[in-house]
Each structure stands twice: as structure tokens, then as C-alpha cells.
There are 2 protein chains.
Amino acid sequence: MSKNRRPKASQEKRAEIVTVARTLFVDAGYDATSMGRLAAAAGVASNTIYWYFADKDAVLIAVLDDVMADAWDEYQSVAAEPISVRLLWVVRQLQQLSRLVSTVHARAGRSPSVALWHDNFHLQTSSLFRSELEAAGSAADSLDAEVMIGVFAIEGLLMHPLSEERQRTVCDALAARWIPPPL
Amino acid sequence: MSKNRRPKASQEKRAEIVTVARTLFVDAGYDATSMGRLAAAAGVASNTIYWYFADKDAVLIAVLDDVMADAWDEYQSVAAEPISVRLLWVVRQLQQLSRLVSTVHARAGRSPSVALWHDNFHLQTSSLFRSELEAAGSAADSLDAEVMIGVFAIEGLLMHPLSEERQRTVCDALAARWIPPPL
DNA sequence: CGGTCCTCTTGAATGGCATTCAAGCCAATG
DNA sequence: CATTGGCTTGAATGCCATTCAAGAGGACCG
């Protein structure tokens with residue numbers, strides 16, 4: 001930063017690579033997207049990507065952050081709905097990411113940085129989930145277990161595409177467990 | 001089969017490759033186990049594996065079948081226990097396979113044969129689960145949803161190693177949901 | 001016994017992949 | 001205008017899954 005910089009276009013190019021990688025990872029999958037194809041789609045040489053990212057896993061993490069930032073923004077639009085509606089919204093929104101969910105779990109076993117991202121993701125979503133359940137007045141004794149069951153169920157829904165009807169059935173059953181019985 | 005055969009040692013060698021592949025896939029992971037390493041550990045040339053298996057995914061499927069056959073055999077020893085005990089047993093037994101669980105989901109997106117194995121696995125476990133819940137007298141209206149929540153929760157437990165205590169908490173919470181209330 | 005067919009094994013390709021290396025371009029600073 | 005450092009690249013390197021062509025060697029037939 002001392003002498004020379006051309007910083008604007010640089011960060012734009014990084015963002016462009018992330019955008020391209022995001023569509024490729026989501027549509028074709030992480031394994032099916034070689035650095036060569038990604039580079040070609042972004043209009044650069046394969047090497048160039050390594051100036052912006054340490055390795056392919058770093059690109060994955062940037063894509064994950066990008067995806068989650070968007071998802072969080074859009075979540076605000078349904079934040080006031082009842083929990084079963086929000087659940088279904090989450091599942092529908094994130095279903096297009098099923099490839100990414102599998103990829104994160106597969107890469108977490110090989111890449112420490114992806115493992116870290118995965119752990120932090122679970123910490124965040126679990127704590128969000130927990131305050132959700134507390135606010136709904138769910139039984140406090142098995143709160144931990146309920147949170148984990150909820151997170152795992154959503155992960156399962158994301159990884160195993162089901163018909164809309166079955167998705168709603170599962171979301172309703174989860175919500176029914178958490179909100180105090182209607183009467 | 002018409003003229004010549006030396007069949008005994010042949011099938012033994014295939015079984016030996018599966019055994020070696022099983023320990024490597026479980027301990028090091030599918031991606032981390034190259035065909036070269038697998039072949040070396042089995043005492044053959046890399047090519048030789050391709051005489052017994054179509055490709056690496058076929059080896060994976062043979063390993064999965066091997067693992068599930070053993071698990072099913074051992075399951076008989078706890079078949080008479082109450083459901084929460086059996087749940088915990090399943091989770092503990094299969095936890096060592098967490099690498100395989102992630103691998104199956106990752107490969108299912110790329111290999112039709114692994115996808116088929118995965119679908120059949122879910123069909124079998126879901127139907128097993130369903131009769132379990134029916135026998136326990138669980139509410140029939142949301143049976144589908146409960147089955148899926150149970151399967152997803154177990155998959156989550158397998159993929160995300162937790163302390164024994166939290167595992168038990170989750171298993172108890174699942175079981176409490178299914179068995180008619182104690183009083 | 002000699003030939004032949006089949007099962008099984010292998011060394012040496014082939015093509016793809018992530019990643020690295022060394023060299024150079026080009027904008028801005030001095 | 002010369003230098004410097006951000007940025008780009010063609011050409012390696014080394015690992016990988018998979019294929020190919022060639023060949024052992026046992027079993028059967030005559």
C-alpha cells in the first residue's frame with residue numbers, strides 16, 4: 001500500500017470471481033468445477049485466481065460467505081412470520097444450495113479452513129435457533145436436544161430434495177413440537 | 001465359465017480388496033485414498049482393481065454393502081432393547097463411519113450408482129423406522145414427518161461428532177417424542 | 001505331451017486436475 | 001522517465017483415475 005495501488009478494479013475482480021464461482025459451484029458442483037473452468041468463465045488464467053485466493057477451498061469459503069450474506073438479507077423479509085412459515089422459507093431458499101451443503105461436509109474433513117467455517121456456521125445457527133425456541137416458550141429441559149434436532153432436520157431437508165408437500169409436513173411437525181400446544 | 005476357471009482365489013482377492021478399502025476409506029477417507037495407495041495396501045497393481053471393480057465408486061459401494069451387512073448382523077444383539085437404547089447404539093456403532101456418510105452424499109451428486117445406493121438406503125431405513133414408530137403407537141397423522149425427522153437427526157448425529165452426553169440427550173428427546181407419554 | 005482358451009496381472013500410457021514457478025506487463029509514484 | 005509493486009500469465013510439476021496392449025499361467029482338449 002506504500003507506493004503503488006490500483007485498488008478499486010482489484011477488489012471488483014475478486015468479487016467477480018466469487019460471483020462466477022458461486023453460480024458454477026451451485027449449478028455444477030464444487031468437484032465438477034475445475035479451476036480451469038472457473039478461470040475461463042471469469043475471463044482470466046487459472047493462475048490469476050491464486051493471486052486472490054490461497055487455494056480452491058478459499059474460493060469455496062468466499063462463495064459460502066457471499067451466499068449466507070444474501071440469505072441473511074433476504075431473511076429479514078419474513079422475520080415477522082410465524083415459525084413454521086419461516087422454517088419453510090429457509091428450506092426453500094437454501095434448497096438450491098444442496099450441492100454446497102454436501103460439499104462443505106465433504107471438504108471439512110480435508111480442509112481445516114472449511115472445517116472452521118462449518119463449525120462457526122453451526123454455532124451461529126444453533127444459537128439463533130435456541131433463542132427462537134426460548135422465545136416460543138419451548139420446554140427448557142431438553143432445549144439443547146431440540147435445537148440439534150432442528151438443525152439436523154433442516155440440514156437433512158436441504159440435502160435430500162423432497163416434494164413441497166413433504167417439506168411442509170416436516171416443517172409443520174417441527175413447529176408443532178416447539179410452540180406450546182394450541183389449546 | 002465354459003472352459004476355464006480358478007474361481008475360489010479370485011473372489012477371495014476381491015473380498016480382500018474390499019476389506020483393505022474399508023479400513024482406508026473409514027480411517028483416511030475416500031478422497032484421501034488413491035487407487036494407487038489402495039492397490040499398494042492390497043498388494044496388487046493399480047490396474048488390477050479395475051478387473052474386479054468398474055471404477056472407484058464401485059469399490060465404495062462394495063465397502064458400503066460390507067459395512068451395512070456387518071452393522072445389521074450386530075444390530076440383532078440389541079434388537080430387544082427399548083427404542084432410545086437402540087437409537088444410541090445405532091449412533092455409536094455408525095459414528096466411526098461419519099467419513100463414509102459425507103462421502104456418500106458428496107459422490108451421490110456425481111455417480112448414478114452411488115445415488116442409487118443412497119436412495120435405496122433411505123428407502124430401507126425409512127420403512128424400518130416407520131414400522132418401529134407404528135409399533136410404538138406413535139401418532140399416525142404425522143408419521144411421515146416423524147420418520148424423516150428421525151432419519152435426518154440420525155444422519156446429523158453421524159456426521160457431526162458430539163459428546164456422548166449430548167448424543168444421549170438427543171436420542172432421549174427423539175424417543176420421548178415417539179413413545180406414548182409415560183403416564 | 002502340446003496347444004489353446006480363459007482368467008488374471010501388469011507397466012506404461014493418457015488426459016485431467018490443483019498448484020507452483022519464473023518471467024513479465026502496466027499504472028502510478030518519485 | 002525510471003522504478004516499484006500490484007497484477008497477469010505460459011509453462012512446468014506432480015498427483016490422480018482410468019485405459020491399453022501385452023503377457024503369465026493354470027485348466028481343459030486332443
Side-chain angles (χ1 to χ4, degrees), chain A residues 1-18 20-21 24-25 28-63 99 103-104 106-114, chain B residues 1-18 20-21 24-25 28-63 99 103-104 106-114:
Chain A
M1 40 174 128
S2 53
K3 208 165 196 188
N4 204 340
R5 55 195 166 119
R6 206 167 1 177
K8 188 152 50 179
S10 170
Q11 288 311 106
E12 280 171 16
K13 191 130 220 165
R14 189 193 142 102
E16 192 188 331
I17 292 175
V18 171
V20 172
L24 287 176
F25 287 175
Y30 177 84
D31 286 336
T33 302
S34 74
M35 293 298 264
R37 260 192 283 276
L38 169 55
V44 296
S46 316
N47 312 347
T48 304
I49 300 178
Y50 287 88
W51 196 88
Y52 294 97
F53 302 94
D55 51 21
K56 199 181 176 185
D57 288 312
V59 180
L60 174 61
I61 289 175
V63 166
R99 278 201 179 83
T103 298
V104 167
R107 291 303 305 164
R110 304 268 284 152
S111 154
S113 51
V114 175
Chain B
M1 41 173 127
S2 53
K3 210 167 198 190
N4 204 337
R5 55 192 166 121
R6 206 168 6 175
K8 187 153 48 179
S10 169
Q11 288 311 107
E12 281 170 17
K13 190 129 221 164
R14 188 193 142 102
E16 192 189 329
I17 293 175
V18 171
V20 172
L24 288 175
F25 286 176
Y30 177 84
D31 286 334
T33 303
S34 73
M35 294 298 263
R37 260 192 282 278
L38 169 54
V44 296
S46 316
N47 311 347
T48 305
I49 301 178
Y50 288 88
W51 195 87
Y52 294 98
F53 303 94
D55 52 22
K56 200 181 175 184
D57 288 312
V59 180
L60 175 61
I61 289 174
V63 166
R99 279 201 179 82
T103 299
V104 166
R107 292 303 305 165
R110 303 269 284 154
S111 153
S113 49
V114 175

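What you are looking at is a predicted structure, and each value in this text was computed from that prediction instead of being measured. Here is the naming used below: chain letters follow the sequence lines, and residue numbers restart at 1 for every chain. The figures that follow rest on heavy atoms only: side chains count, while hydrogens, waters and symmetry mates do not.
Residues L60(A) and Y30(A) have side chains in contact (heavy-atom distance under 4.5 Å, counting atoms from C-beta outward).
Residues A21(A) and V59(A) come closest through the heavy atom pair CB-CG1, 3.7 Å. Across L24(A) and A41(A), no two heavy atoms sit closer than the pair CD1-CB, 4.0 Å. Shortest non-hydrogen contact noted between G36(B) and S46(B) is CA-OG, 3.8 Å. The heavy-atom pair separating V44(A) from I49(A) by the smallest distance is CG2-CG1, 4.4 Å. Taking each heavy atom of A42(B) and V20(B) in turn, the nearest pair found is N-CG1, 4.1 Å. When all heavy atoms of A62(B) and F53(B) are compared, the closest pair comes out as CB-CE2, 3.8 Å.
The interatomic distance linking E12(A) (CD) with dG6(D) (P) rounds to 18 Å, in whole Å. Atoms CZ (R14(B)) and P (dT9(C)) sit 13 Å apart, rounded to a whole Å. Summarising the geometry, the separation between CG on D55(B) and P on dG16(C) is reported as 18 Å, rounded to the nearest angstrom. Computed from coordinates, the E16(B) CD to dC8(C) P distance equals 14 Å when rounded to whole Å. We find that CH2 of W51(B) is positioned 18 Å from P of dT18(D), with the value rounded to whole Å. Rounded to whole Å, atom P of dT7(C) lies 20 Å from atom CD1 of I49(B).
In this model, the phosphate group of dT8(D) is approached by a side-chain N or O of Y52(A) to a distance below 4.0 Å at OP1 or OP2. Not one side-chain nitrogen or oxygen of S10(A) sits closer than 4.0 Å to the OP1 or OP2 atom of dG6(D).
Formation of a donor-acceptor pair under 3.5 Å by the K13(B) side chain with backbone atoms of Y52(B) is not found in this model.
Closest approach to the K56(B) side chain among dT9(D), dT9(C), dT18(D) is made by dT18(D) (side chain taken as heavy atoms from C-beta onward).
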Protein-nucleotides 20-24 of chain C N/O pairs under 3.5 Å:
residue, atom, partner, partner atom, Å
dT20(C), O4, N47(A), OD1, 2.8

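Of the residues in residues 30-43 of chain A, none lies under 4.0 Å from DNA chain D by heavy-atom distance.
For residues 29-55 of chain B, no pair satisfies salt bridge (charged side-chain N to carboxylate O under 4.0 Å, His left out), with sequence neighbours left out.
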